[in-house]
Amino acid sequence: IHYVSLFLPPLFIGLIYGLKKLVDVEPSKKIVSSLKKNLTLVILILIGATLYSSVTLGPLPAVAKAIFKSAGQSEIKQIKSELLKALPPRQSLAATYDFLTHLSSREKIYGLNYAFVGKKQFTDLDYELPNDLEGIVMDSADLITFALQFPSDNIWQKNVLLGDDRLRKIIALGLKAVKIIDSYVVFERSGEAGMVLYETQAKIKEIQNPQKIKLGDVIDFLGWSKILGQRPTSPWLENSKFLPISLYFQAQKKLDKNFQLKLSFKDSEGKILGQKYYALAYGLYPTTEWPVGDIIKINDWFLIPKNLASTNYQIELQLVDLKGFITLNGLRSVVPQITEETPLGPIINIK
């Protein structure tokens, strides 16, 4: 990974001088003489070793794979690109993993992953975002990654459990959700009301599609409603299809697990056409925070993949308890590895 990059220049310089010294050595020495006689073979071995290392150890295969894979994800790439372009260039920002690299040249950029756990890297020192923070850009799915990052570390797990509290406090300092597209959310300082991600209600208000389903003996799903008048508006989203929907839940017991949301697209025969995990309530109001008896309303703007536009599909939702860890892919980007998925109750059908 990037930590070795500081050693590469002196190593290459050392190689150059080493080869020069090898060429200048007295030819009477047998090894040197043999190498000089077979200089072409030596060069071919060096080139072959370099190419082999590039393929097996370097990022080239992962780059090729990413280019090939990105052909089917042009819509997601465009959404990310347009979100980043719309951010003021001098804005002080905190960002999740996926956006940090793109924003790393800014004078003031902060890791939301550190703000989430509240600690600096490789230390127990507190990590605090500055008071002049002007915005947050995040993929809320990364909050699932944050939770999986330290699966067997009890101390860090305690920090993770308080992560949503830290984020809510940061957002409460005048930040409003100004853009929501699928799992992507942009918060900025704004005098306007902002888009509502979630809310709690003491009593059930009108639900367009009441559908009471018991999810185990801990949560009831009460139904769903279409969101009207708050569709993400932008010229580059005119051809995109969304499912703007409010989901209603009610906790029957105090929960000690944070359940996530799995969205699946299936054909008439039950074959999975697409699937994605979402941090429930954008990871900002997880199930461990839900008061018993209160109605939890969560507003989502799910993106319907373009490759499903001409397909007959049905939409299924399910709450799941996820376990796993994180690893690095060939591009050295953080990738969550789900090792265990425990569903909570039956599947919810959205028709």
Side-chain angles (χ1 to χ4, degrees), residues 1-81 84 95-107 109-114 120-123 139 141-142 144-146 148-153 156 275-277 307 323-340:
I1 54 180
H2 65 280
Y3 299 109
V4 302
S5 61
L6 291 175
F7 297 97
L8 294 181
L11 284 174
F12 274 105
I13 293 170
L15 174 64
I16 292 168
Y17 279 96
L19 292 175
K20 183 177 185 302
K21 188 172 183 180
L22 191 64
V23 172
D24 293 340
V25 168
E26 290 291 331
S28 58
K29 295 186 178 180
K30 291 183 178 180
I31 296 178
V32 176
S33 178
S34 177
L35 289 174
K36 284 186 174 181
K37 287 179 181 178
N38 299 281
L39 191 58
T40 303
L41 179 61
V42 172
I43 293 172
L44 289 175
I45 290 173
L46 283 172
I47 293 173
T50 302
L51 293 175
Y52 177 79
S53 299
S54 297
V55 172
T56 57
L57 301 176
L60 294 181
V63 170
K65 183 179 178 181
I67 292 172
F68 178 77
K69 186 179 178 182
S70 67
Q73 295 183 325
S74 57
E75 189 175 22
I76 294 295
K77 286 184 66 177
Q78 186 180 19
I79 286 173
K80 291 180 182 178
S81 176
L84 291 167
T96 52
Y97 287 132
D98 201 27
F99 291 105
L100 273 175
T101 304
H102 301 281
L103 299 169
S104 60
S105 61
R106 292 189 171 227
E107 182 180 353
I109 180 69
Y110 308 95
L112 200 65
N113 53 312
Y114 296 129
K120 296 181 179 180
Q121 189 176 27
F122 305 134
T123 178
D139 181 352
D142 277 344
I144 299 176
T145 304
F146 296 168
L148 297 176
Q149 192 159 352
F150 308 98
S152 58
D153 191 313
W156 280 91
Q275 200 170 75
K276 182 175 178 177
Y277 294 107
N307 62 326
K323 288 183 172 55
F325 57 93
I326 65 165
T327 184
L328 299 178
N329 63 13
L331 294 174
R332 302 304 186 261
S333 297
V334 175
V335 179
Q337 295 290 319
I338 307 298
T339 57
E340 185 179 340

Return yes when atom CD of Gln337 has more than 12 non-hydrogen atoms of other residues, nucleotides or ligands closer than 6.0 Å, and no otherwise.
yes

Knowing that exactly one of Ile47, Leu41, Thr40 qualifies, which makes a side chain to side chain contact (heavy atoms under 4.5 Å, CB included) with Ile43?
Ile47

Under the salt bridge (charged side-chain N to carboxylate O under 4.0 Å, His left out) test, residues paired with Asp139 that sit two or more places apart:
none

Just by distance, do the side chain of Thr56 and the backbone of Tyr52 share a donor-acceptor pair under 3.5 Å?
yes

Could you list the residues that satisfy side chain to side chain donor-acceptor pair (under 3.5 Å) with Lys323, not counting sequence neighbours?
Asp321

Partner residues of Leu11 under the side chain to side chain contact (heavy atoms under 4.5 Å, CB included) criterion, sequence neighbours left out
Phe7

Between Asp98 and Asp142, which heavy-atom pair has the shortest distance, and what is it?
N-OD2, 3.4 Å

Spacing of OG1 belonging to Thr145 relative to CG belonging to Asn113, to within rounding of 0.5 Å
10.5 Å

Holding to side chain to side chain contact (heavy atoms under 4.5 Å, CB included), I want the full list of residues that pass it with Ile109, two or more places apart in sequence or in another chain.
Leu93, Ala95, Leu100, Leu103, Arg106

Residues in side chain to side chain donor-acceptor pair (under 3.5 Å) with Gln121, at least two apart?
Tyr114

At what distance, to the nearest 0.5 angstrom, does CG of Leu46 lie from CG of Leu51?
11.0 Å

Which pair of heavy atoms, one from Pro61 and one from Ser54, lies closest together, and at what distance?
CD-O, 3.9 Å

Taking the side chain from Ser104 and the backbone from Thr101, do they hold a donor-acceptor pair closer than 3.5 Å?
yes

Reported CG-to-NZ distance for the pair Leu84 and Lys80, which is rounded to 0.5 angstrom
9.5 Å

Before you tell me yes or no, could you show the steps for Phe146 and Thr96 under side-chain contact (heavy atoms from CB on, under 4.5 Å), namely the whole-Å CA-CA distance, both residues' side-chain angles and the distance that decides it to 0.1 Å?
CA-CA 10 Å; Phe146 296 168; Thr96 52; 4.1 Å; yes

All side chain to side chain contact (heavy atoms under 4.5 Å, CB included) counterparts of Thr123, not counting sequence neighbours:
Lys120, Leu125

